[in-house]
Protein chains: 2
Amino acid sequence: MQKGHYTYDYPRPAVTTDCVVFGFDGRDLKILLIERGLEPYKGAWAFPGGFLNMDETAEQGALRELKEETGLDLNYLKQVGAFSDVDRDPRSRVITIAFYALAKKSKVSGGDDAAKAQWFSLNDVPRLAFDHDLILRKAMQKLREDLHFEPIGFGLLDNEFTIPELQRLYEAILGIQFDRRNFHKKMLQTGILEEVEESPTNFYGSHNEMRSMSIDALFSDSIPNPHASYSNASDDSRSTRRWGTKFRFNKRRYDELKEDGNFKLEF
Amino acid sequence: MQKGHYTYDYPRPAVTTDCVVFGFDGRDLKILLIERGLEPYKGAWAFPGGFLNMDETAEQGALRELKEETGLDLNYLKQVGAFSDVDRDPRSRVITIAFYALAKKSKVSGGDDAAKAQWFSLNDVPRLAFDHDLILRKAMQKLREDLHFEPIGFGLLDNEFTIPELQRLYEAILGIQFDRRNFHKKMLQTGILEEVEESPTNFYGSHNEMRSMSIDALFSDSIPNPHASYSNASDDSRSTRRWGTKFRFNKRRYDELKEDGNFKLEF
DNA sequence: GCAAAAGTGTTTCGTTTACACCCATGC
DNA sequence: GCATGGGTGTAAACGAAACACTTTTGC
């Protein structure tokens, strides 16, 4: 990416990417933001992102910028769309391609590796730069829509999780409450969950999760993040409880069902 | 858009728009394509589209190019997404923002105003240029998804239509068959259709359709196209029949229901 | 008068919803 | 032992699916 002069016969907009990273701490849905140190919108918060290189797709660029700016190394993105309002950046014509990504639960409350990256609960979003509030709304909308058709939620949980955890996640994303028994029933009926038999060795939350198929193939992110300091005061005690039947996402089964068009999950 | 030299410190991809225009002739779902006269992909077909100007949003650019290249003057677009593969254009780095649009039935089989624009049935798509086959797949997928939540279909029919016409449209888009009676019932139950009382004057297909609320506010396109020469041999007789109860899309009612979150239409 | 499509209601079935009690854990 | 949350089954209500006959039109 050497500096130099690039000349074209017609003017060209600059192209950037932005990445809305969703996370879930067991209670709230969160997003990862970076504080802007420079004008315009100095002091406001923005999604990680930046200019697209010529040798990378928008997806690759968004993942690269995400890594550079927040240290998060994800590998699954979903495109939210292109935002092309003429005045969305006061400095010049900039078009952005926005994505959303899902960070596993163990990554949330880490993530602040980068100086100014911070998780914010969606109930407590600060002032956002540019048109990022619009991008956020669209990303939320798409996340909700996708949740109806794809087992997205698992990308926000660790590989092993309990049904009530999953339920809290669905409730946080969709903003509605479910009946415990019905949720339980419906989730098991899909056939995409497999129970993790509780061996004494991993009963207290160990990590031998590589035994069978995991969601990693889809939403992979297998580097566990050890530190657990919370930026927002959100009690996570209910998720570190030592009991509760653990399940795992059965990707193979999901692929089979999807293949046959038999996968259905309506809420 | 005067020619000149525009210089930037970093290289910039070119940004274009592409527009997948769907149409329905009463039997098949169709798309509007333009034959390429120049390399690369000379002789292949492509979606209408072109370079984005600096003073227009992607939506505006797509509509402008559509008008310029095909004569179609639409005003409703839905974004399919940005396509940014590094090698999608063999000449240089070009990112495209793709949309889909809906052309009312009376426009299909007209539309060939522009020299090389032509409607193709989706069952008989010619070789497409660039990554336009991918764009088509994504556009189809999005059209199908949107059909479940929004009364999109009406954008493909004239302002007055019969339930069986609507049913054929849904069947063409989703690729499945419905029971006549159940479809009829379900559509009326939504409450978004209003019956057009058959006055003797407009019984034989006249066009006094401005009396009440029409779909035009959403998918407007009120310039009827008189000529009806078909490029593909597709018998339209079933749609010119002089009987059958005519309905109209009741946008006011739809907006009310949507407002209250009471609109539901699952297939 | 014959073929093709439109209009209409009821019954059956499956899915979704509502609902209560007992058990395990942490304090 | 008390409060919190987890695990489980059944009955009622609702919505979806299956299904046949009569009428209009064009030929």
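Lettering of chains follows the sequences in order, A, B, ..., and the numbering in each one begins at 1.
If you take CZ of B:R180 and C1' of C:dT10, they are 16 Å apart, rounded to a whole angstrom. What separates CZ of A:F178 from P of D:dG6 is a distance of 16 Å, to the nearest Å. Residue A:Q189 contributes atom CD, which lies 7 Å from atom P of C:dT16 at whole-angstrom precision. Straight-line distance from the CG atom of B:D179 to the C1' atom of C:dT10: 13 Å, rounded to whole Å. The interatomic distance linking B:F267 (CZ) with D:dA17 (P) rounds to 10 Å, in whole Å. Between A:F183 atom CZ and D:dG9 atom C1' there is a gap of 19 Å when expressed in whole angstrom units. Atom-to-atom, CE of B:M187 to C1' of D:dA16 comes out at 15 Å; the value is rounded to the nearest Å. Here C:dT8 presents its P atom at 18 Å from NZ of B:K186, a figure rounded to the nearest Å.
Close to D:dG7, at under 4.0 Å from its OP1 or OP2, lies a side-chain N or O of A:T245. Phosphate contact (OP1/OP2 of D:dT8, side-chain N/O of A:H184, threshold under 4.0 Å): present. Not one side-chain nitrogen or oxygen of A:T162 sits closer than 4.0 Å to the OP1 or OP2 atom of D:dG6.
For the pair B:F47 and B:L32, the tightest heavy-atom approach, listed with the atom from each and the gap, is CD2-O, 4.1 Å. Of all heavy-atom pairs between A:E266 and A:K186, the closest is O-NZ, 2.7 Å.
Mapping B:R181 and B:E266 onto DNA chain D by nearest heavy atom places B:E266 at the nucleotide closer to the 5' end. Comparing B:N182 and A:K185 by the nucleotide of DNA chain D that holds the closest heavy atom to each, the one mapping nearer the 5' end is A:K185.
In this structure, B:N250 contributes its side chain and B:R252 its backbone to a donor-acceptor pair below 3.5 Å. Remark: side-chain polar atoms of A:Q79 are not paired, donor with acceptor, to backbone N or O of A:A98 under 3.5 angstrom.
In the displayed structure, B:K138 atom NZ is contacted under 6.0 Å by at most 12 heavy atoms of other residues, nucleotides or ligands.
Between D:dG7, C:dG7, D:dA16, one nucleotide has an atom nearer to the side chain of B:P164 than all others, and that is C:dG7.
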